Participant: 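So that we are looking at the same thing, I have put the structure below in structure tokens.
Keep in mind that what you see is a predicted model, and the values were worked out from it rather than measured. In what follows, chains carry the letters A, B, and so on, assigned in the order in which the sequence lines appear, proteins first and then strands, with residues in each chain numbered from 1.
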Amino acid sequence: GAVVSQHPSRVICKSGTSVKIECRSLDFQATTMFWYRQFPKQSLMLMATSNEGSKATYEQGVEKDKFLINHASLTLSTLTVTSAHPEDSSFYICSARVVPAVGDSYNEQFFGPGTRLTVL
Amino acid sequence: GQNIDQPTEMTATEGAIVQINCTYQTSGFNGLFWYQQHAGEAPTFLSYNVLDGLEEKGRFSSFLSRSKGYSYLLLKELQMKDSASYLCAVSVNDYKLSFGAGTTVTVRA
């Protein structure tokens with residue numbers, strides 16, 4: 001299957017600093033990538049949909065000025081957590097949607113390995 | 001909003017069979033996915049159903065009934081490595097995935 005990477009895998013930062021997380025599709029082009037957040041023992045919550053060349057679409061309750069998303073190319077999306085606070089500590093996971101072939105509505109997403117953010 | 005329900009926890013014995021149910025009420029439907037997620041790792045794809053019926057893939061099978069808003073994941077011949085969280089996710093019309101809270105399966109010897 002398609003491979004999605006994330007960098008860094010783990011980051012610890014001080015409160016008030018900004019952290020950038022990269023999500024790359026390694027062997028395919030992804031016009032759409034998704035950013036999720038997962039708190040311990042909870043499921044994945046979609047934060048935003050990242051579209052190459054256009055502004056991201058944020059889910060209700062997610063602050064777009066705090067979680068900056070840039071989808072600069074067909075293989076790279078970045079999430080920047082600005083002025084991070086301890087409550088932002090979480091597991092951040094990206095996924096990339098494989099564009100279905102003509103006539104195929106299959107909608108599979110491939111997930112990156114996740115980034116564990118700890119804000120002190 | 002989207003409503004996807006699945007049991008929180010299940011426990012089974014090695015070699016046994018476990019069935020994880022998922023019911024959903026969503027604003028759109030473009031298929032249902034099951035993912036496996038080990039602690040601290042990203043989800044990995046297990047199965048996809050878009051039409052009613054049973055899809056079998058080795059030890060794992062998944063069933064869908066669109067009229068009932070119901071799916072199940074069947075795990076056969078359980079192995080210790082199957083201990084994980086299993087996520088039911090519905091693909092809604094704009095190709096976003098909405099996830100259930102996940103079912104933690106513990107396999108005991």
Participant: Please check if B/Val90 and B/Tyr72 belong to a single hydrophobic cluster, counting links between Ile, Leu, Val, Met, Phe, Trp and Tyr side chain heavy atoms closer than 4.5 Å.
Facilitator: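 No, it is not one cluster - the side chains of B/Val90 and B/Tyr72 are not joined through contacts under 4.5 Å.
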Participant: Heavy-atom count check: over 12 atoms from other residues, nucleotides or ligands less than 6.0 Å from B/Arg108 CZ?
Facilitator: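 Not buried by this count: 12 neighbours or fewer within 6.0 Å.
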Participant: Any heavy-atom pair between the side chains of B/Leu97 and A/Leu46 that's under 4.5 Å?
Facilitator: no
Participant: Ignoring hydrogens and geometry, is there a side-chain-to-backbone donor-acceptor pair from A/Ser43 to B/Gly102 under 3.5 Å?
Facilitator: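 No: the side chain of A/Ser43 does not pair with the backbone of B/Gly102.
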Participant: Between atom CG of A/Leu44 and atom OG of B/Ser85, what is the distance when rounded to the nearest 0.5 Å?
Facilitator: 9.5 Å
Participant: If I compare all heavy atoms of A/Phe34 with all of B/Lys96, which pair ends up nearest, and what's the gap?
Facilitator: CE2-CG, 4.0 Å
Participant: Between B/Tyr35 and A/Phe111, is the gap from one ring center to the other below 6.0 Å?
Facilitator: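 Distance test on ring centres: under 6.0 Å, yes.
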Participant: Is B/Leu51 linked to B/Phe45 within one hydrophobic cluster, defined over Ile, Leu, Val, Met, Phe, Trp and Tyr using a side-chain heavy-atom separation of less than 4.5 Å?
Facilitator: yes
Participant: Would you please indicate yes or no on a ring centroid separation below 6.0 angstrom for B/Phe99 and A/Tyr36?
Facilitator: yes
Participant: Out of curiosity, does B/Ile20 fall in the hydrophobic cluster containing B/Leu46 (side-chain heavy atoms, cut-off under 4.5 Å, transitive links)?
Facilitator: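 Same cluster: B/Leu46 reaches B/Ile20 through Ile, Leu, Val, Met, Phe, Trp or Tyr contacts under 4.5 Å.
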Participant: So which heavy atom on B/Ala42 is nearest to which on A/Gly114, and how close?
Facilitator: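 For B/Ala42 and A/Gly114, the tightest heavy-atom pair comes out as CB-N, 4.5 Å.
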Participant: Please classify the contact of A/Gln38 with chain B as side chain, backbone, both or neither, using a heavy-atom distance under 4.5 Å.
Facilitator: side chain
Participant: Does NE2 in A/His85 sit with more than 12 non-hydrogen atoms of other residues, nucleotides or ligands closer than 6.0 Å?
Facilitator: yes
Participant: When you look at CZ of A/Arg10, are more than 12 heavy atoms from neighbouring residues, nucleotides or ligands closer to it than 6.0 Å?
Facilitator: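 At most 12 heavy atoms, drawn from other residues, nucleotides or ligands, come within 6.0 Å of this atom.
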